[in-house]
Trainee: 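Next up is a structure, given as structure tokens.
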Amino acid sequence: MNNNDRYIHLIDLNDHPVSWWKQLLELAHEIRQAPQDYADACKGKIMGTLFYEPSTRTQMSFQTAMLRLGGTIIGFDNPATSSVAKGENIKDTTKIVSGYADIMVMRHPTAGSVKAAALTADCPVINAGDGGHLHPTQTLTDLMTLYEEKHTLENLTIGLCGDLKNGRTVHSLIKAMSCFNGTRFVLISTKELSLPAYMKDILAASGHAYKEVTNLDDAIGELDVLYMTRIQRERFASEEDYQQQKGFYILDRKKMAKARRDMIVLHPLPRVDEIAVEVDDDPRAKYFDQARYGMYIRMALILTILHNNGRPAPLVTGRIVPKAACSNPGCITNHELYLPRYFKGSGDTVICEYCDERTLL
Ligand code: NCD
């Protein structure tokens, strides 16, 4: 057992049982009904927010959530003004902040970085987005939106459209929705931005039906939920590659006319041009409500973790393979070289514990 398995961290939602997610959804629902009842629930507690990447909603909703629970916040949103600019590694920065705070929320551009921080942090750690890998609290936000708006998490046909390759919200949501009966996935993207192989492995293993299409017009009519995403410019190798992909999918009134009357449109936001502003007035557009649900579910999450409500999940279940290097150049283990190389599985092909990529030994 890793020493840090004593905390309830949230690195990947799937580390925790679905019953725990449902507990969070119910608590968030209650908080939304009567927020005043929770105004002092985290009095005296401090949350550290470490944002190495830009954020509006995630950072502010976490901060607001903590303030609405009566707690306080410390942190940075511009690593250039912290000791990171002097070359401090993740381990040292997060070790120090976790000694000051009771709970830490972290966003970083590198896959696996938040798990790396949690390995040595002195408080619970929440993943607010690690590169193109995962974004579990956006998924909790998405689940709350589905729960409140569709009143079920089962038997939904969900279309995910846009940057399925680099979109961490997509990856987390697919992993989560794979845990519910009857989910059908329609993956709508160009060939270049299709779902990564490791995610397809997860989908295939879950046994859920999925299909890949390029045309949004053809697919929209069969959906209960359309999850639009931004083309993740910052994750492209070159501006030229980005320019070739941008603007391919634009949801407008004409396309909405082909959708079912009870379909809902979600988007983690920020949007660039993938949803025309004219769609905002359509009652099926739920993305602004979604951002608000995000605050309540984060209140529920902070409260649950600080009150130690749930079972800590082991951070790593695999073994250290000292000489192996993860095949993903974007993995944190290829940037912060002191990290122990943890891999799951046996045989020649193993799975990196930090970024989930397959590696050939
Ligand atoms: C998303 C993210 O950061 O991954 N935004 C968010 O947290 N609401 C989506 C995006 O940036 O496109």
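Counting starts at 1 for both ligands and their atoms, in listed order.
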Trainee: For the residue pair Ser61 / Arg298, report whether a side-chain donor-acceptor contact shorter than 3.5 Å exists.
Mentor: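 Short answer, yes.
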
Trainee: Does the N or O separation between Pro270 and ligand 1 drop below 3.5 Å for any pair?
Mentor: no

Trainee: Just to confirm my output: which protein heavy-atom neighbour is closest to atom 8 (N) of ligand 1, and how far is it?
Mentor: Pro268 O, 2.9 Å

Trainee: Does ligand 1 have any atom that is closer than 4.0 Å to a heavy atom of Glu53?
Mentor: no

Trainee: Any N or O of Thr58 that comes nearer than 3.5 Å to an N or O of ligand 1?
Mentor: yes

Trainee: Among all protein non-hydrogen atoms, which one is nearest to atom 11 (O) of ligand 1, and what is the separation to 0.1 Å?
Mentor: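 The closest one turns out to be Arg230 NH2, 2.9 Å.
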
Trainee: Name the option, out of Arg57, His135, Gln138, that contains the heavy atom nearest to atom 7 (O) of ligand 1.
Mentor: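 Minimum heavy-atom distance to atom 7 (O) of ligand 1 goes to His135.
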
Trainee: Judged by modelled atom types alone, do Arg107 and Thr58 share a side-chain donor-acceptor pair under 3.5 Å?
Mentor: yes

Trainee: Between Thr93 and Glu88, do the side chains contain an N or O donor and an N or O acceptor separated by less than 3.5 Å?
Mentor: yes

Trainee: Could you check atom 4 (O) of ligand 1 against the protein and tell me its nearest heavy-atom contact, residue, atom and distance included?
Mentor: Arg168 NE, 2.8 Å

Trainee: Closest by any non-hydrogen atom to atom 6 (C) of ligand 1: pick that one out of Val272, Thr229, Leu269.
Mentor: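 Heavy atom nearest to atom 6 (C) of ligand 1 belongs to Leu269.
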
Trainee: Verify, without hydrogens or angle tests, whether Glu336 (side chain) and Ile90 (backbone) share a donor-acceptor contact under 3.5 angstrom.
Mentor: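 Confirmed, Glu336 side chain pairs with Ile90 backbone.
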
Trainee: Any side-chain to backbone donor/acceptor pair from His133 onto His171? Under 3.5 Å, distance only.
Mentor: no

Trainee: Checking Tyr293 against Glu149: is there a side-chain donor and acceptor pair closer than 3.5 Å?
Mentor: yes

